[in-house]
> 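Take a look at the following structure, please.
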Amino acid sequence: MPELPEVETVMRGLRPHLQGRRLRGAVVRQARLRWPVPPDLDAALAGRLIRSVRRRGKYLVVDLDQGALILHLGMSGSLRILTRPEPPGPHDHLDLLLDDGGRLSFRDPRRFGAVLLSPDPDRHPLLAHLGHEPLDDHFDGALLHALTRGRRVAIKQLLMDAHLVVGIGNIYANEALYRAGIDPRLAAGRLSRPRCALLAEAIRDTLTRAIAAGGSTLRDFVDSRGEPGYFQQTYQVYGRAGLPCRACGGLIRTFRQGGRSSFACPTCQRR
DNA sequence: AGAACCACCTGGCAGC
DNA sequence: TGCTGCCAGGTGGTTC
């Protein structure tokens, strides 16, 4: 489900409910996620103070007074703050118990998500080798140009490689390439310097707009029944195969790249 | 080193 | 209605 804008939205929603609180522990109903939930989670969390909540790529990091929790939503994960008792659904795999009586509930039907503990999260194997944050100031055309030199892989697949750039999944890779007028199949190393600048700006713009849209649907997700409005943005190409391009009216095409669906306008996007 | 493919898991939907 | 097959927003691991 979540790419960078969704994780950022979740993070912003959770922060005021978590930061400065103490944890009472955890209730784990299903420990088999992408990696096993630590068997000592309840004991490890009991009494811990939540210092901060932050995002790194698509990971959420909950820094504690000792160590940290690392959360990943996989493809179908969601987090909700519950303030009153509610029976857990079939995919509500665990709750983190807060000292004010509330709970942070983790739901993930496909179980591709993760809940991990680390004494030093930034050096955790999953986080230590992550690439550049596309919304950081230093992410620009020059950086993208350097990252793509000598790479024969298609630009779309390179954008989705978290070891180079984090947070860009299938939706936003398609959308950013459309905005930049670049064919997703173009070999990354063949991108000119000016087109790298165009693409870097398109990525930042696409993600920033999506975060702004996600923010507006945030409140009801955090407080009660969940399901943030991930689908409420209007995509230019993603999921629009056979529909007219909003710019030129030509039909959007779809094809497979690396086992994932790509969408592009054959007129507006060029090699 | 880089690229291609597979695996993990469940739910929803189209087509028969 | 119910079955089958396919698709889905992620990413680490294996193989060549």
Side-chain angles (χ1 to χ4, degrees), chain A residues 1-11 29-37 55-60 70-79 88-94 106-116 124-131 134 146-178 184-190 203 206-207 209-211 213-214 217 221 226-242 254-263:
Chain A
M1 172 173 313
E3 303 184 29
L4 186 151
E6 289 75 29
V7 180
E8 178 73 19
T9 300
V10 169
M11 188 271 290
R29 298 178 205 87
Q30 169 59 275
R32 293 176 55 225
L33 302 183
R34 176 80 201 257
W35 296 278
V37 175
R55 179 188 60 73
R56 175 74 176 104
K58 295 171 191 165
Y59 292 90
L60 289 166
I70 297 172
L71 308 176
H72 196 288
L73 300 177
M75 284 172 74
S76 58
S78 60
L79 289 164
H91 305 296
D92 291 337
H93 303 315
L94 63 93
F106 180 87
R107 170 180 297 179
D108 183 10
R110 287 180 75 180
R111 290 199 263 133
F112 285 4
V115 177
L116 300 166
H124 189 280
L126 291 173
L127 275 70
H129 308 291
L130 289 178
L147 287 176
T148 51
R149 289 315 89 184
R151 301 296 303 267
R152 303 167 83 143
V153 71
I155 181 61
K156 178 180 171 235
Q157 289 166 262
L158 183 138
L159 289 181
M160 292 172 66
D161 183 349
H163 297 106
L164 299 174
V165 185
V166 296
I168 306 175
N170 200 32
I171 292 176
Y172 295 109
N174 278 298
E175 294 294 312
L177 286 162
Y178 172 80
R185 294 161 290 198
L186 177 66
R190 297 186 62 116
I203 290 166
T206 303
L207 296 176
R209 285 167 188 259
I211 291 170
T217 58
F221 126 72
E227 303 329 304
Y230 292 144
F231 295 89
Q232 292 184 2
Q233 302 115 18
T234 55
Y235 300 129
Q236 302 296 312
V237 287
Y238 182 82
R240 298 193 67 243
T254 184
F255 43 91
R256 305 289 288 182
Q257 285 186 280
R260 317 294 298 275
S261 292
S262 292
F263 302 88

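All chains are named by letter (A, B, ...) in the order of the sequence lines, taking the proteins before the strands, and each is independently numbered beginning at 1.
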> Closer than 4.0 Å, any side-chain N/O of A:R32 to the OP1 or OP2 of B:dC9?
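Answer yes for this pair, as a side-chain N or O of A:R32 is under 4.0 Å from OP1 or OP2.
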> Taking only side-chain N and O atoms of A:R111, does any of them lie within less than 4.0 angstrom of OP1 or OP2 on B:dT10?
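So the side chain of A:R111 is within the cut-off, an N or O lying under 4.0 Å from OP1 or OP2 of B:dT10.
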> Locate the shortest heavy-atom distance separating A:M11 from A:L60; write the atom from each residue and the value.
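A:M11 and A:L60 have their closest heavy atoms at CB-CD2, 3.4 Å.
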> Counting only heavy atoms not in A:R190 (residues, nucleotides, ligands), do more than 12 fall under 6.0 Å from its CZ?
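Not buried by this count: 12 neighbours or fewer within 6.0 Å.
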> What's the gap between C:dC6 and B:dC6 when it is taken at their P atoms, as a whole Å value?
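Comparing P positions in C:dC6 and B:dC6 gives a spacing of 14 Å.
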> Is any side-chain nitrogen or oxygen of A:H91 closer than 4.0 Å to OP1 or OP2 of B:dC9?
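Checking A:H91 against B:dC9: no side-chain N or O falls below 4.0 Å of OP1 or OP2.
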> Separation of A:L164 atom CG from C:dG12 atom P, in whole Å?
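Rounded to whole Å, this separation is 12 Å.
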> Classify the side chain of A:R260 versus the base of C:dA8 as yes if they form a donor-acceptor pair under 3.5 Å and no if they do not.
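Checked by distance alone, the answer is no.
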> Look at the side-chain N and O atoms of A:H72 and state whether any lies under 4.0 Å from the OP1 or OP2 oxygen of C:dT11.
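Yes, such a contact exists.
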> Check for me whether A:R240 meets the cation-pi criterion with A:F263, that is, NZ or CZ under 6.0 Å from the six-membered ring centre and within 45 degrees of the ring axis.
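Negative - A:R240 is either too far from the ring of A:F263 or too far off its axis.
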> Could you tell me how the ring of A:Y172 sits relative to the ring of A:Y235: parallel (under 30°), tilted (30 to 60°) or perpendicular (over 60°)?
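It falls in the perpendicular class, over 60°.
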> Starting from P on B:dG2, measure out to CG on A:L158 and report it in whole angstrom.
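Rounded to the whole Å, the gap is 10 Å.
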> For A:Y238 and C:dA8, what is the distance between atoms OH and P respectively, to the nearest whole Å?
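From A:Y238 OH to C:dA8 P: 6 Å.
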> Across the strands shown, which category fits A:H163 at heavy-atom distances under 4.0 angstrom: base, sugar-phosphate, nothing?
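Counting heavy atoms under 4.0 Å across all strands, the contact made by A:H163 is with sugar-phosphate only.
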> To the nearest angstrom, how far is A:Q157 atom CD from C:dG10 atom C1'?
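Result: 14 Å.
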> Can you tell me which nucleotide in B:dA3, C:dG10, C:dA8 comes closest to the side chain of A:R151?
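Of the candidates, B:dA3 comes closest.
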> List the atom of A:A173, the atom of A:I168, and the distance in Å for their closest heavy-atom pair.
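Heavy atoms of A:A173 and A:I168 come nearest at N-CG2, 3.5 Å.
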> When you measure from the side-chain N and O atoms of A:S76 to the phosphate of B:dC9, is any distance below 4.0 Å, counting only OP1 and OP2?
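No, no such contact exists.
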> Looking at the side chain of A:R256, which of C:dG10, C:dC7, B:dA4 is the nearest nucleotide?
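Nearest to the side-chain atoms of A:R256, counting from C-beta on, is C:dC7.
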> Whole angstrom is fine here: how far is it from CZ in A:F263 over to C1' in C:dA8?
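So the two atoms are 10 Å apart, to the nearest Å.
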> Does the structure show a Watson-Crick or G-U wobble partner for B:dC9, both distances under 3.5 Å? Name it, or say none.
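B:dC9 is paired with nothing.
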> Could you check how far CZ of A:R34 sits from P of B:dT10, rounded to whole Å?
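Whole-Å distance recorded here is 15 Å.
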> List the residues meeting side chain to side chain contact (heavy atoms under 4.5 Å, CB included) with A:K58, not counting sequence neighbours, and say none if there are none.
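Listed in chain order: A:E3, A:V7, A:H72.
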> Going by ring centres under 5.5 Å and near-parallel planes (under 30°), is A:F112 stacked on B:dC8?
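Aromatic stack with B:dC8 present for A:F112.
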> Taking OP1 and OP2 of C:dT11, is either one under 4.0 Å from a side-chain nitrogen or oxygen of A:R110?
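Looking at the OP1 and OP2 atoms of C:dT11, neither is under 4.0 Å from any side-chain N or O of A:R110.
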> From CZ of A:R149 over to C1' of B:dA1, roughly how many Å is that when rounded to an integer?
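Rounded to whole Å, this separation is 17 Å.
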> How many whole angstroms separate atom CG of A:L73 from atom P of C:dT11?
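These atoms are roughly 10 Å apart.
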